[in-house]
Amino acid sequence: MHETVSTTVGHDELAVLKLLALDGGLEGDHKISCSALADRLEASNQTASRRLQRLESAGYLERDTVADGQWVVVTDAGEGALRTEYEEYKRLFEADPEVELEGVVTSGMGEGRHYISLPGYSRQFSDRLGYEPFPGTLNIDLQDESIRRRRAMASLESIPIDGWENDERTYGPAVCHPATIETADGDVYETVHAIAPERTHHDEDQLELIAPAKLRDELDLQDDDHVAITVGDR
C-alpha cells in the first residue's frame, strides 16, 4: 500500500530544517544523504526521508536526488519559518524584541483613506491604539531581505482589530504592530503602527503604516525615499 506523506511541518521537521541551514543550506545547494541525516537525528532512514518530503511539500525545501544522495536548498519560505522560530526565542531571552525593515515609499491605491475612516475601524483604533489615525496609509515597498524578515512579525505581540459588519457588507479583521519610522536624514516618528489586514490587495513586499498624522508631511517624504521601520514592543 502506498504511503501518503503528510505536509504538516512540526518541531521535528523544523529541527531538520535548522540542521540543513547550519550546514549551508541557506547559501545554496547542500549535498546530504538520508543515512547521514538519520544518524544525526538518531532516527531511521525512513523517518529522515519523510521529514525531508514534508519540508519539500510545504515549500520550505527544494531537493534534487542524485545517485549518491541529494542536493537540497532552503527556500525563502523555509528561511522565513526559521526566522519566526528565532524571533520567538528572542522573546524568551531578550527584552523588547524587534524586527528591522527597510524599503522605499510608494503611492498606494487610495483604499487606505476609505477603510481607515470607517466607523467600525476608527472606534477601535482610538480605543486600542490610543489615537485616531490620519485617514490614509503610508505604503512601503520592502527590500528583498526585509520581505523575508517581515515574516518574523508573526511572533511579535500584536493589537487585534476586530472584523465588523453593517447593512451593506462585512469588513475583515486586522492586526497592528507598534513601530517607528526613520528617514534617510535621521528624522524619526514614533507613534506609528504597521497594519496588516486579513483581506488586502498588497503582497508581502508592501508594508502599510498608520499614524495620527500624515507621515508624508511630517517627515517630508516623497515616492522612492528610503526609510527604516522598527517593528516591536513600545
Side-chain angles (χ1 to χ4, degrees), residues 58-60 76-88 90-91 96-165 169-182 189-216 219 221 227-234:
Y60 290 175
D76 288 347
E79 181 179 346
L82 291 174
R83 285 189 180 277
T84 297
E85 289 281 295
Y86 168 65
E87 294 297 334
E88 289 177 350
K90 283 181 67 177
R91 289 190 63 189
D96 301 326
E98 298 175 340
V99 177
E100 304 284 345
L101 305 173
E102 295 184 40
V104 296
V105 176
T106 185
S107 294
M109 297 183 291
E111 290 185 329
R113 177 181 298 275
H114 170 67
Y115 286 104
I116 295 298
S117 301
L118 291 173
Y121 289 131
S122 62
R123 284 192 296 268
Q124 295 185 70
F125 292 142
S126 296
D127 292 342
R128 300 179 185 184
L129 306 186
Y131 63 84
E132 183 176 339
F134 170 81
T137 60
L138 181 68
N139 297 285
I140 309 298
D141 272 338
L142 296 175
Q143 296 177 348
D144 288 345
E145 179 63 23
S146 290
I147 294 172
R148 293 188 287 270
R149 193 179 297 130
R150 76 169 293 172
R151 299 188 182 104
M153 288 170 55
S155 69
L156 302 178
E157 291 187 9
S158 61
I159 301 167
I161 303 298
D162 300 328
W164 57 283
E165 61 182 62
R169 56 168 290 185
T170 298
Y171 295 89
V175 294
C176 293
H177 291 92
T180 60
I181 181 172
E182 181 176 356
Y189 196 95
E190 295 186 347
T191 311
V192 179
H193 285 83
I195 185 168
E198 186 175 275
R199 303 170 185 171
T200 178
H201 295 296
H202 295 309
D203 296 324
E204 288 294 302
D205 60 354
Q206 280 208 348
L207 187 73
E208 293 183 272
L209 302 177
I210 60 175
K214 186 176 182 179
L215 290 172
R216 280 180 178 267
L219 298 172
L221 292 171
V227 292
I229 303 99
T230 302
V231 183
D233 296 337
R234 186 174 64 231

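Hydrogens, waters and symmetry mates play no part in the numbers below; they use all other heavy atoms, side chains included. Because the structure is predicted, anything quoted here is derived from the model rather than measured.
- The line from CZ of Arg128 to CZ of Arg123 is 11.5 Å long, rounded to the nearest 0.5 Å.
- Residues Gly172 and Tyr121 share a closest heavy-atom pair of O-OH, 2.6 Å.
- In this structure, CE on Met153 lies 5.5 Å from CG on Leu207, to the nearest 0.5 angstrom.
- Using a 4.0 Å cut-off between a side-chain N of Lys or Arg and a carboxylate O of Asp or Glu, Arg151 and Asp76 do not qualify as a salt bridge.
- In this structure, OG1 in Thr230 is found 9.5 Å from CD in Glu102, a value given to the nearest 0.5 Å.
- A 4.5 Å side-chain heavy-atom check between Pro173 and Gln124 finds every atom pair outside the cut-off.
- The side chain to side chain contact (heavy atoms under 4.5 Å, CB included) test with Gln206 is passed by exactly one of Asn139, Thr137, Leu142: Asn139.
- Between the side chain of Glu85 and the backbone N or O of Ala81, no donor-acceptor pair lies under 3.5 Å.
- Taken from OG1 in Thr84 to CG in Leu156, the straight-line distance is 9.5 Å, to the nearest 0.5 Å.
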Checklist entry - Can you check side-chain contact (heavy atoms from CB on, under 4.5 Å) on Val99 and Arg149, steps first, answer last? => result CA-CA 7 Å; Val99 177; Arg149 193 179 297 130; 3.8 Å; yes

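- Atom CD of Glu132 is surrounded by 12 or fewer heavy atoms from other residues, nucleotides or ligands within 6.0 Å.
- When every heavy atom of Ala211 is checked against every heavy atom of Thr191, the shortest pair comes out as CB-O, 3.4 Å.
- Atom OH of Tyr131 sits about 13.0 Å away from atom OG of Ser122, to the nearest 0.5 Å.
- Atoms CG and OG1, on Leu221 and Thr106 in that order, are 12.5 Å from each other to the nearest 0.5 Å.
- Between Ile195 and Phe125, the closest side-chain pair of non-hydrogen atoms falls below 4.5 Å.
- Among all heavy-atom pairs drawn from Ser117 and Pro135, the shortest one is OG-CB, 3.2 Å.
- When all heavy atoms are compared, the tightest approach of Leu118 to Trp164 is CB-CZ2, 3.7 Å.
- In this structure, Arg83 and Arg148 approach most closely via the heavy-atom pair CD-O, 3.9 Å.
- For the pairing with Leu215, the side chain to side chain contact (heavy atoms under 4.5 Å, CB included) check across Val105, Ile210, Leu138 returns one residue only, Leu138.
- Of all heavy-atom pairs between Glu204 and Ile147, the closest is O-CG2, 4.1 Å.
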